[in-house]
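Encoded as structure tokens, the structure appears first; notes follow it.
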Amino acid sequence: MKQLTTYFALLVLVFSMLQLPAASAQTAETRPLELTDIMQFREIDQRQQSENLETIAFSANPDYGDREGVVVRSQDGETFSVPRGHAPKVSSDGAFVVFMQEPPLLDREQASSRDERAKLVSNAVLVNVSTGEQQNFSHAGSAAFSGDGNYLLVLHEKEFSKENGSPEGQILTLISLSSGEQTQINNISDYAVAEKGSRVVWVEHTKHEEAVQDEAADSETANSDNESAKQDPKVEAAVVMFNTANNQRNVLDRSTELKYSKLTFAPNAEFFAFLSGERETKLTETPQTLWLWQQGQASARAADVARNGMILSEHSAMRFSDDSQRLFIGHRPNPEEKQETDLKPKSAEDLYNLDRLLGDRRLQVWHGDDGMIQPQQRQNYNRMLRATAAAVFYPAAGTMVALSNEPLESISLNDHPFAALAWNSEPYQREVTWNGFHHDLYWVNLTTGERKLVAEKLRSSERGSLSPNGRYVVFVQDNELKRFDSENGRSEVVGENANVSWVNEENDVPAEPRSYGVAGWAADSSAFWVYDRFDIWQIAANGNATNLTQVGRDNDRQFRVAYTDDHNVINAAEPVLLRAYHERLKTSGFYQLDVAAGELTTLIEGEKTYSFLAHSEDKQQVLFTEQDFRQFPDLMIAGRDFAAAKQLTNVNPQQSEFVWGNAELVEWESTRGEPLQGVLIKPDNYDANKRYPVMVYFYEKFSQRLYQWNQMKVNHRPNFPYFLGQDYVVFLPDVHFRHGAPGPSATESLVPAMEKIIEMGVADPDAIGLHGHSWSGYQAAFLVAETDIFAAVVSGAPVSNMTSAYSGIRWGSGLARQFQYETGQSRIGDSMYDNLEPYLKNSPVFVADKINTPMLIQFGDKDEAVPWEQGIEYYLALRRLDKPVVMLQYEGEPHHLQRYANKIDYTLKMLEFFDYYLKGEEAPEWWVEGLEYQHYE
């Protein structure tokens, strides 16, 4: 009897397996995702690795919950875990990793006040990569390894330090990684470690001898709190350099009047720089002094970096070049004195003093000739206060060269030894409002400060590429590839014999198309590599182009260089690693290009998305990821030929518990005959004999997601596996846009797409729902006036009235929105004053009477991208016309929801809305009855 039962059980099992589609990799034991399941899926973040790739560390971050620090030994796959670990650092020899460890989420959520949150403890956790042994250092604010990898430094939190005998600053603990011996140094405010070698610098505070004597003489006057003691001018600050190799300690500078900052080692550790400024000043900004220490010196010396009419700024992004030969600093215009304003009247007569009364006014003047409109000035106010004019200091010679006189000019503080590029957008500030972003491009000599104009009014994305010897600049202007020669100050067109486009062939916005970019340079600057849509070309010194990959265009395969060396150099003497992407099939992989032999070799390629992450110092090992809709992009390692690739991580093993799906490519034509593609995702256990409700999600082009993992988040977007588990099919169609008709373009693309999946037998023609957000929220709001093919539509943050949105403000940047319509994503192309008709024809509010589809609108009332009044206009239009509509207003929320409770609420309401209209389930109460005004504290 037992054998018979087993036999029938086997028959049932076999029969059930036969019912599963061949593509499914799941079993009948899987269950649909719940929101709490989505929250616990993790992503790899803050990845660090040793130079030989033998030690890899990262933080595995869930959408909501406690993250985990992970250390992986790539040679044997051994993994060590640090609860709540983040911000990993790897010692120079890869033998140790240190994580910061945050308090548990439960404790953070239970802390109801700032004081309670301040009491939560953060730690540093040291991991021995060989043994997995962990050592915890409590109340840690930061941690770092010495450059030689022999010591760990932990700076402890301020309150903890005060309570443990360090009243003038924080406790710094030095831990010997070989012996475990610990040395505690008190009263530290800042520290820095050299990237190489054994030197460490910190700023140490001690009570000056006179202050101690005063305290003994008069304990009452000396009894002040710690904060005021920090400001006591008799507290001495000293910049101390410590050599962990021989325990030698040098004081580089000390003062009771100065505050020290910007502790900066040169990469080779032979130079060290820092700034000092007076602790107390009557100026609006404190002038700084640059101090420089050089190997062999006992103390630091002040450097002469004076500039007429300017001060050295504490806001400068001070950094050494990689070769340690140059130090980049920044200056600002001389500051003004602080104005002390007392608006209180001194007498009855003073009550009527107009100057006093006007001192309390709050006024902004919007002038028609302003370069930036007032909201843009407001958003850039803090940046403008901190912007610096770049200069370069040569520590060996002790000389400085000014590179720019304009604090708002952008300059490439790069590692080129001879030249830099500068971008000045000031001449085009005013027309940004309607014409988008442009700049003038300059070549700047790092030795003399001489500058030459390379090109005027380039699109902001066209930054130029500087040759390794600093002589040439390559850029694209007016669709032509040009090379600027700094020796004669002239530009010439190059690569004309290629007979291809160097700019986006598929550009569909009414602005100059973006270039495909420069791949890199030959080390001697005699040639450079540049991209067209598919292939990689070499442009020789004579300007002639040679197609290096040759087969890209004929095979719809796009080739790109995976990485370049320092100074953007491609070493063509060795085989060059390339990334490949098939535009039509969406497959990808890695290839190897042997320039000398003219051979292009496939290393790995398939129905995946491959991404290059890093290579070992000897370039014989490659760290990369492989993903598709079912496969999370775990870390993988392989030899340079990608043979015997090994998976190093398994960040989301729980995925096998849940219903997932399989993605396939669908092709169709728009009503105007343009070929289009989309991704159709069917749930596990998909029944080909059944028609499904379909959730359509779109933006512009989404077909490239065919072999991409879906980010597991609860947010404003629908989560694809979540809907698949609810027995939906998910569809991601592409849209082809034409100028002046963004709304009809969506209809022309999406309606035949829906007809295609109905014809395929997949979609229930009465159960197709549409979701769009922002730009696609607009499209969704418009196309329902032209088609009834959708049973229900969710429109997040849509523009509904182009005539009012045209002169609205993007509050996040302070920019006016006009440029979006004339030259950007909204694709009208003309000014509203030159051509009003397309603004009217493409606005949902003006065709709202034709809408029959139930509409769910979502907006945050602090939306920084789309004025939320656009949602109100759409809602009021539909309400006035008695159309089925609900608008969800999330208080205090920006363009993308931030408060987690709101993300959950919106996700649930999206599903309830679609379930009602697409699956015939009970109508949610909020849709039927609404909700009275709610008052939230």
Contacts of type salt bridge (Lys or Arg N to Asp or Glu O under 4.0 Å), residue R471, not counting sequence neighbours: D485, E487

Residues in side chain to side chain donor-acceptor pair (under 3.5 Å) contact with K482, at least two apart in sequence or another chain: Q477

Exercise: do S146 and N150 side chains pair donor with acceptor under 3.5 Å: no

Partners meeting ring-ring contact (aromatic ring centres under 6.0 Å, His included) with H615 (sequence neighbours left out): Y563

By ring-ring contact (aromatic ring centres under 6.0 Å, His included) - contacts of F559 (at least two apart): Y591

ring-ring contact (aromatic ring centres under 6.0 Å, His included) against F528, all qualifying residues, sequence neighbours excluded: W521

Pairing residues for N507 by the side chain to side chain donor-acceptor pair (under 3.5 Å) criterion, not counting sequence neighbours: none

For E409, all residues meeting salt bridge (Lys or Arg N to Asp or Glu O under 4.0 Å), sequence neighbours excluded: R451

With sequence neighbours excluded, residues passing side-chain contact (heavy atoms from CB on, under 4.5 Å) with A391: R307, I329, H331, M400

Sidechain-backbone polar pair: T388 side chain, A390 backbone, donor-acceptor under 3.5 Å: no

D594: partners by side chain to side chain donor-acceptor pair (under 3.5 Å), with sequence neighbours left out: none

Aromatic ring pairing F590/F642, orientation class (parallel under 30°, perpendicular over 60°, tilted between): parallel

Parallel, tilted or perpendicular: ring planes of F271 versus F320, cut at 30 and 60 degrees: parallel

Qualifying salt bridge (charged side-chain N to carboxylate O under 4.0 Å, His left out) pairs with a residue from residues 519-547, counting only residues at least two apart or across chains: E505-R533, E506-R533, D532-R553, R533-E583

Donor-acceptor pair, side chain of K262 and main chain of S316, under 3.5 angstrom: yes

Gap between atom CD1 of I539 and atom CG of N544 - 0.5 Å precision: 8.5 Å

Under the ring-ring contact (aromatic ring centres under 6.0 Å, His included) test, residues paired with F328 that sit two or more places apart: none

Plane angle bin for F274 and Y260 - parallel if under 30°, tilted between 30 and 60°, otherwise perpendicular: perpendicular

Ring center gap for F437 and F819 short of 6.0 angstrom: yes

Salt bridge (Lys or Arg N to Asp or Glu O under 4.0 Å) partners of R557, counting only residues at least two apart: E605

